[in-house]
Number of protein chains: 2
Amino acid sequence: MKHFSELTPSAERIVDAAENLIKAVGYNGFSYEGISQAVGIRKPSVHHHFPSKTELGAVVAQRYTHRFKESLVRIEGVFAKPEERLIAFAKLFETTYANDRNLCVCGMLGAENDSLPNEVVTEVRKFFQVTLGWLEAVISEAKSKGALKADSSPKILAITFLSAMEGAMLVGRSLQSQEGPEMVAHALIESMTPEH
Amino acid sequence: MKHFSELTPSAERIVDAAENLIKAVGYNGFSYEGISQAVGIRKPSVHHHFPSKTELGAVVAQRYTHRFKESLVRIEGVFAKPEERLIAFAKLFETTYANDRNLCVCGMLGAENDSLPNEVVTEVRKFFQVTLGWLEAVISEAKSKGALKADSSPKILAITFLSAMEGAMLVGRSLQSQEGPEMVAHALIESMTPEH
DNA sequence: GTCTATACTTGGATAGAC
DNA sequence: GTCTATCCAAGTATAGAC
């Protein structure tokens, strides 16, 4: 399959448009026509760069995961404390949500999982595996430092935290609320912080 | 708009099929053809009962919310303690998830919000308002009893809890995991339970 | 209530010229 | 790389017979 690092400038603009459309209306909700309008070229030109919708969807998810990983590494370089890292993590989702109540690309695709081509399903799963691995390590460190108090394993807490972030975007969007993942993250972390 | 209480038996089977399809593949993922196959009648017969997809979607959401409310009232009749009610609440989602990793109808529709007709959006919003209202009351009671310890307001905790349930289904489905909302609910409640 | 037949639109995709 | 033209399938929807 095509790799996002080898995209021509036009292909890049197409992936940008597809990513934004997926955040808003999902894989089943966007079309080549929509991409065409967003980018300002005709449908067959979109097909020239991405012959099939499957491939386009997979590249979007792949690039999204890569950039998300970059953000996680950046957080490690800026924040030393695991508690700060968790808040910074939540802010990644908040930024997406604050932009038009958009969802996480892979959250949206995860919801649509059962109607997605296999190539896309695979990429989406990788996003969750990578993200949960990172969260688990951060939470594990927070617990061993005593900065976080909770009986459940770091693995389960990571799933809980990520679930809350993804769900917060979905619930907030349904309520047409300004409040999103960051508010939920604060409530969660606060409830797991030991009394001083 | 049509009300779900006035459905003929055929219409009921159509709504059943549509509900199941929405849980699996969403509003944008299902078609009259799919309904037709699930129910065993032809496409125009489906249109006879529900002229437009918009109306069918709205009735599905409407009936789903009503039944969910019934479940909430049933929980109140069976469990007295707010902690038990929260677990029973989580089990409602777990039951849906355990059936083929299906999503909550309104969770799925919430994700698709921006590509949904207004009538459906309205019904979905009602689901979240009703559910959050109920959760807020339960959490409020739990806090005043001292069964739950958390600084955030019951309103915010309700959003947090529901977000975690909706997100858990989405994340679990993406990972193709057996573990769903119930595991997350236990982790959450445990972390908010005061030491004895 | 259900059917066959059909209309109309959109969506994904290809051929071939520039 | 982009275009016009076109294909074919699917999706929503209607007409009208039984």
Side-chain angles (χ1 to χ4, degrees), chain A residues 1-4 6-22 24-61 108-109 112 114-121, chain B residues 1-4 6-22 24-61 108-109 112 114-121:
Chain A
M1 207 221 346
K2 195 174 301 196
H3 189 263
F4 69 89
E6 297 160 336
L7 299 178
T8 62
S10 298
E12 194 105 34
R13 284 190 297 147
I14 290 168
V15 175
D16 290 343
E19 178 174 321
N20 287 328
L21 283 167
I22 290 174
V25 297
Y27 183 87
N28 292 323
F30 91 87
S31 68
Y32 273 72
E33 179 59 29
I35 304 280
S36 156
Q37 284 173 19
V39 176
I41 58 179
R42 296 297 197 162
K43 264 203 296 180
S45 308
V46 182
H47 278 284
H48 171 74
H49 296 281
F50 295 94
S52 76
K53 193 180 177 181
T54 294
E55 195 180 337
L56 176 52
V59 171
V60 168
M108 177 65 90
L109 294 176
E112 293 179 296
D114 286 12
S115 57
L116 256 34
N118 284 328
E119 292 90 324
V120 181
V121 170
Chain B
M1 208 217 349
K2 194 174 303 197
H3 189 263
F4 69 90
E6 297 160 336
L7 299 179
T8 63
S10 298
E12 194 106 33
R13 284 190 298 147
I14 289 168
V15 176
D16 291 343
E19 179 174 321
N20 288 328
L21 283 167
I22 289 174
V25 297
Y27 183 87
N28 293 322
F30 91 87
S31 68
Y32 272 72
E33 179 60 27
I35 304 279
S36 157
Q37 284 173 21
V39 176
I41 59 178
R42 296 296 197 162
K43 269 200 291 181
S45 308
V46 182
H47 277 285
H48 171 73
H49 296 283
F50 296 94
S52 77
K53 192 180 177 181
T54 295
E55 195 180 339
L56 176 51
V59 171
V60 168
M108 177 65 91
L109 294 175
E112 292 179 296
D114 286 12
S115 57
L116 256 34
N118 284 329
E119 292 91 324
V120 181
V121 169

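Below, read A as the first sequence line, B as the second, and so on, with proteins coming before strands; counting in each chain starts at 1. Quantities reported herein were computed from a predicted structural model and do not represent experimental measurements.
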Are the side chains of [Y] and [X] in contact, using a 4.5 Å heavy-atom criterion?
| X | Y | result |
| --- | --- | --- |
| A:Glu119 | A:Glu55 | no |
| B:Leu7 | B:Ile14 | no |
| A:Asn28 | B:Val25 | no |
| A:Val60 | A:Leu109 | no |

Requested in this report: Not counting sequence neighbours, which residues clear salt bridge (charged side-chain N to carboxylate O under 4.0 Å, His left out) with B:Glu19? List them please.
Outcome: B:Lys23, B:Arg63
Query raised in the report: Would a distance-only check, ignoring hydrogens and angles, find a side-chain to backbone donor-acceptor pair under 3.5 Å from B:Glu112 to B:Tyr27?
Result: yes
N/O-N/O pairs, protein side and nucleotides 9-12 of chain C side, under 3.5 Å:
residue: C:dG12; atom: OP1; partner: A:Lys53; partner atom: NZ; Å: 2.8
residue: C:dG12; atom: OP2; partner: A:Tyr32; partner atom: N; Å: 3.0
residue: C:dG12; atom: N7; partner: A:Lys43; partner atom: NZ; Å: 3.3
residue: C:dG12; atom: O6; partner: A:Lys43; partner atom: NZ; Å: 3.3

Query raised in the report: Which part of the nucleic acid, if any, lies within reach of B:Ser45 when heavy atoms closer than 4.0 Å are counted: base, sugar-phosphate only, or nothing?
Result: base
Requested in this report: Compare every heavy atom of A:Val39 with every heavy atom of A:Ala17, then report the nearest pair and how far apart it is.
Outcome: CB-CG2, 3.7 Å
Report summary line: Taking every heavy atom of B:Leu21 against every heavy atom of B:Gly34, the minimum-distance pair comes out as CD1-C, 4.0 Å
Report summary line: 5'-most contact on DNA chain C (nearest-nucleotide basis), B:Pro44 vs B:Thr8, goes to B:Thr8
Query - Positions of residues 12-19 of chain B (non-hydrogen atom under 4.0 Å from DNA chain C), listed by number - result: none
Query - Span of DNA chain D in contact with chain A (heavy atoms, under 4.0 Å) - result: D:dG1 to D:dA5
Requested in this report: With sequence neighbours excluded, give me every side chain to side chain donor-acceptor pair (under 3.5 Å) pair touching residues 29-51 of chain A.
Outcome: A:Glu33-A:Gln37
Report task. For A:Phe4, check ring pair (Phe, Tyr, Trp, His ring centres under 6.0 Å) against everything at least two apart and list the hits. Result -> A:His66
